[in-house]
Structure formats: C-alpha cells, structure tokens
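Down below is the structure, laid out as structure tokens.
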Amino acid sequence: MAAIYIVKTELEALGSEIVAHSFQAESHNALYYLGETEPALLRREAFATVRPLRFERQGGVLGKQRSIRAALMPVVSDLKAAKRDFSGILIHLPKLSSTRTNYIINFLRFHFPGVHLRVRLIPHGTVNFSLQSMTWKKKLTLWRRWAVPFNGFFPDLRYYIPAGDWVGGLDSLVDRVYVLPGASSPYPETKLFPLPPLNDYLPGASSRRSGSIALIVGQPALRARALDQAGHDRISAVIKRWLMEQGVSDIYYSRHPRARDHLDFFDESYRILEQAGAIETLLPAIGPGFVVSCFSTALFTSRMVLGDGARVVSIGMNQANFPGQSELLENMRACGIEIVDA
C-alpha cells in the first residue's frame, strides 16, 4: 500500500505523521509539503519520502497546466521508483476542494490505472468541526475548475469535483476522516477515525505545568475578518488583564506561521517563541499553566496534550463573527475549554 500526504500547515504535518506512524506503518509513506520550509517532524523516519510540492509559475497560454503537471509528476516518479507492487494508493488531504492539490486524485488514477485509490482527510483545524455546505456558488466554483478548456491538452489533468460538502467528508471516495481525539465531527461515524491521544505521541507530554507561565497563541483573525479592529483590541486588553489577575509572570507568544507581520493579541511585554513546526510539539518543554487564544485550533490540541494540568481558555468569542461559530463553542465546552467574554 502507498500512502501519500499533502500538507500546508504544521497541524496537518503533525496529523499526517501520527497517521503514518500509528495507522500506516507498513505502507510506503510519502509526505509532500506546500511552501518553502520543510515541516519540523518528530519522527521523520515515518516517511520514506519528504519533499516540497512546488507549483511554480510558468509562462504561456498553458502555463498553469504545465505548472500543475510539473508539481505532481515527482509524486508519480517517487511511487514508481519505490519499485513495489502497490495494492492501493491512499491520498491524505486536508480537504477535497483545494484549487491545485485536488488534481492529484485523477492524476494518480491516470498514471496508475487499475490501482485502487481512496482519499482520507487529515485534521485541518476548526473548519472540520462543522459541515461546510455545498452552496450554489461553491458548486459553480468547482464546475469552473473542472471545465477549464486548456486541461483538455493534458489527459492526466482532470479536476475532481467532490460531492456532498465543501471539505469532502461526505464524498464516496473518502473512506476515512481522521479527527482530533475528543472533537466532534459532522461526518458519518463509520468514516471517523480519532487520532491517538496527542500526549501519548509527544515526548515529555506528562511534564509538570507551572501556574506562573502562560502561552498566548496568535491567529490571523483580523486578516480573516473574523474580528474587527475594535473587537481585536478589546480581546488583547482582556487577555493581558485576565492573565495578570491569575498571577502569571511569564507570558510567551506563539506567532501564527501564516500571519506574516500581523501579531494578533500581541503585547510588547510578551516573549515571542522561536519555533519550527506545530506549537503542540513545544508545549511539554514550555509547561504552561495557561494557554490562551480566541478560537485557534491550538486550544483544542493544547487541552489534549496538557490535560487537566493546565487551564486552556478562549477569550473573546463574543467579539468574533464567522461561520460555524456556535458549533465551535459547543466543541470548546465539550472539551473543557474555558470561555471568557471580552
């Protein structure tokens, strides 16, 4: 069996690593990452291949098609170079409705005809907690991607249109949806596969917590327009005041890797962490007594890693406005995350 994983975020890389190590240890595992930096892996040996997936711009009328083919062809080459008679190929993606990585589905079908192919979804964040309905606008978007006329010049370039929902968990091609332990999911229970407890996987996860240490997890809430500036500033002030009331003396700040120069909820008195990879991998070493954000997925994963030894707190959800907010609040309460208004 061949298992490939296409990831962009640190959480997706960590989830893929856990899947490869815990569920696909006998498979030929290959990790492909978007972006310039290789994800920091705890057990790199879980993968036979770790390489970037580069969609580099090419000129000309068929430049987009050549770019996609140039990015995906190394996946085919790697599988053929393994010189194994694969009984099937498992494609692990965060969602099916991506603009470019979606092409890997029919691309591999074309180059490996007759091989049984299935898709499995890896944790993508809080978007997985509620169903992303397939509105007519989304259906039109997918149809436009499928109907690109220039794709006809390349028989291995066919966009796969997912059925049922935007993320793809309801699609018949998806046979598993990996979920964070303890988190709910809108998908059929027959498809759900909870990941093993994160504190069983991360080294040193049972170390002692300190009530004088707090970790604030940044997120691009302003850029995503989930908060306006006034709401953001209010949350930032409440976070700082609330932590001072708890007697916290050392406050670390985790910069969101795709927030660029935007440091949501940051204050000059905080210490910015130097980190590579998912923040979850650093939690045991930091040993915070408090983990604070607004609606970051790291609140859920921190709860799983640190357990009852730390207080995990969402501050300011009453200032936010985004789809699936009520379902996210329900999940927070179910997972033992404290809710504080701002």
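Quick note: numbers below take in every heavy atom, side chains included, and nothing from hydrogens, waters or symmetry partners.
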Whether [X] and [Y] hold their rings parallel, tilted or perpendicular, with breakpoints at 30° and 60°:
{"X": "Phe86", "Y": "His28", "answer": "tilted"}
{"X": "His232", "Y": "Phe265", "answer": "parallel"}
{"X": "Phe266", "Y": "Tyr270", "answer": "perpendicular"}
{"X": "Phe193", "Y": "Phe23", "answer": "perpendicular"}

Are any side-chain N or O atoms of [X] and backbone N or O atoms of [Y], one a donor and one an acceptor, separated by less than 3.5 Å?
{"X": "Asp264", "Y": "Ala221", "result": "yes"}
{"X": "Glu17", "Y": "Arg43", "result": "yes"}
{"X": "Glu12", "Y": "Thr9", "result": "yes"}
{"X": "Arg84", "Y": "Lys80", "result": "no"}
{"X": "Asp165", "Y": "Ser133", "result": "no"}
{"X": "Ser77", "Y": "Met73", "result": "yes"}
{"X": "Arg303", "Y": "Cys335", "result": "yes"}
{"X": "His21", "Y": "Ala46", "result": "no"}
{"X": "Gln325", "Y": "Ala320", "result": "yes"}
{"X": "Arg145", "Y": "Ser97", "result": "yes"}

For [X] and [Y], test the side chains for any donor-to-acceptor distance below 3.5 angstrom and give the result as yes or no.
{"X": "Tyr159", "Y": "Asn151", "value": "no"}
{"X": "Asn29", "Y": "Ser27", "value": "no"}
{"X": "Ser296", "Y": "Gln219", "value": "no"}
{"X": "Gln229", "Y": "Asp233", "value": "yes"}
{"X": "Asp156", "Y": "His111", "value": "yes"}
{"X": "Tyr160", "Y": "Asp171", "value": "yes"}

[Y] and [X], any side-chain heavy atoms less than 4.5 Å apart:
{"X": "Gln65", "Y": "Leu62", "answer": "yes"}
{"X": "His92", "Y": "Val19", "answer": "yes"}
{"X": "Leu283", "Y": "Ser302", "answer": "yes"}
{"X": "Lys95", "Y": "Gln132", "answer": "no"}
{"X": "Ile251", "Y": "Leu243", "answer": "yes"}
{"X": "Tyr253", "Y": "Leu215", "answer": "no"}
{"X": "Val76", "Y": "Leu108", "answer": "yes"}
{"X": "Val248", "Y": "Phe290", "answer": "yes"}

My understanding is that only residues two or more places apart in sequence, or in another chain, count here; which of them pass salt bridge (charged side-chain N to carboxylate O under 4.0 Å, His left out) with Arg271?
Asp250

What residues, two or more places apart in sequence or in another chain, satisfy salt bridge (charged side-chain N to carboxylate O under 4.0 Å, His left out) together with Arg234?
none

To the nearest 0.5 Å, what is the distance between [atom1] on [X] and [atom2] on [Y]?
{"X": "Ser314", "Y": "Ile239", "atom1": "OG", "atom2": "CD1", "result": "9.0 Å"}
{"X": "Leu14", "Y": "Leu180", "atom1": "CG", "atom2": "CG", "result": "9.0 Å"}
{"X": "Asn331", "Y": "Leu329", "atom1": "CG", "atom2": "CG", "result": "9.5 Å"}
{"X": "Lys138", "Y": "Trp166", "atom1": "NZ", "atom2": "CH2", "result": "6.5 Å"}
{"X": "Leu93", "Y": "Ile104", "atom1": "CG", "atom2": "CD1", "result": "8.5 Å"}
{"X": "Leu72", "Y": "Leu53", "atom1": "CG", "atom2": "CG", "result": "6.0 Å"}

Please step through side-chain hydrogen bond (donor to acceptor under 3.5 Å, both in side chains) for the pair Tyr178 and Arg176, ending with a clear verdict.
CA-CA 6 Å; Tyr178 289 106; Arg176 284 191 187 184; 2.9 Å; yes

According to a hydrophobic-cluster definition based on side-chain heavy atoms being under 4.5 Å apart (Ile, Leu, Val, Met, Phe, Trp, Tyr only), do [X] and [Y] belong together?
{"X": "Leu142", "Y": "Phe150", "answer": "yes"}
{"X": "Leu306", "Y": "Ile339", "answer": "yes"}
{"X": "Leu34", "Y": "Leu96", "answer": "yes"}
{"X": "Tyr252", "Y": "Ile279", "answer": "yes"}
{"X": "Met244", "Y": "Ile235", "answer": "no"}

For side chain to side chain contact (heavy atoms under 4.5 Å, CB included), just list the numbers for Tyr32 and Val50, CA-CA rounded to whole Å, side-chain angles, deciding distance to a tenth of an Å, and then say yes or no.
CA-CA 6 Å; Tyr32 300 90; Val50 177; over 6 Å; no

With side-chain hydrogen bond (donor to acceptor under 3.5 Å, both in side chains) as the criterion, how do Thr301 and Glu280 come out once you've worked through the C-alpha distance, each side chain's angles and the decisive distance to 0.1 Å?
CA-CA 7 Å; Thr301 52; Glu280 290 80 6; 2.4 Å; yes

Would you mind checking if Glu38 and Arg44 are paired as a salt bridge, meaning a charged N to carboxylate O distance below 4.0 Å?
yes

Could you check whether atom [atom1] of [X] has more than 12 heavy atoms from other residues, nucleotides or ligands sitting under 6.0 Å from it?
{"X": "Glu274", "atom1": "CD", "answer": "no"}
{"X": "Phe153", "atom1": "CZ", "answer": "no"}
{"X": "Lys191", "atom1": "NZ", "answer": "yes"}

When you look at Val179 and Leu195, which way does the side chain to side chain contact (heavy atoms under 4.5 Å, CB included) test go after all the steps?
CA-CA 6 Å; Val179 295; Leu195 294 181; over 6 Å; no

Would Arg100 count as a cation-pi partner of Phe55, with NZ or CZ less than 6.0 Å from the six-membered ring centre and within 45° of the ring normal?
yes

Apply side chain to side chain contact (heavy atoms under 4.5 Å, CB included) to residues Arg120 and Gln24 and explain how you reach the verdict.
CA-CA 12 Å; Arg120 295 179 174 180; Gln24 300 298 144; 3.1 Å; yes

Can Thr49 and Leu31 be said to form a side chain to side chain contact (heavy atoms under 4.5 Å, CB included), step by step?
CA-CA 6 Å; Thr49 301; Leu31 179 74; over 6 Å; no

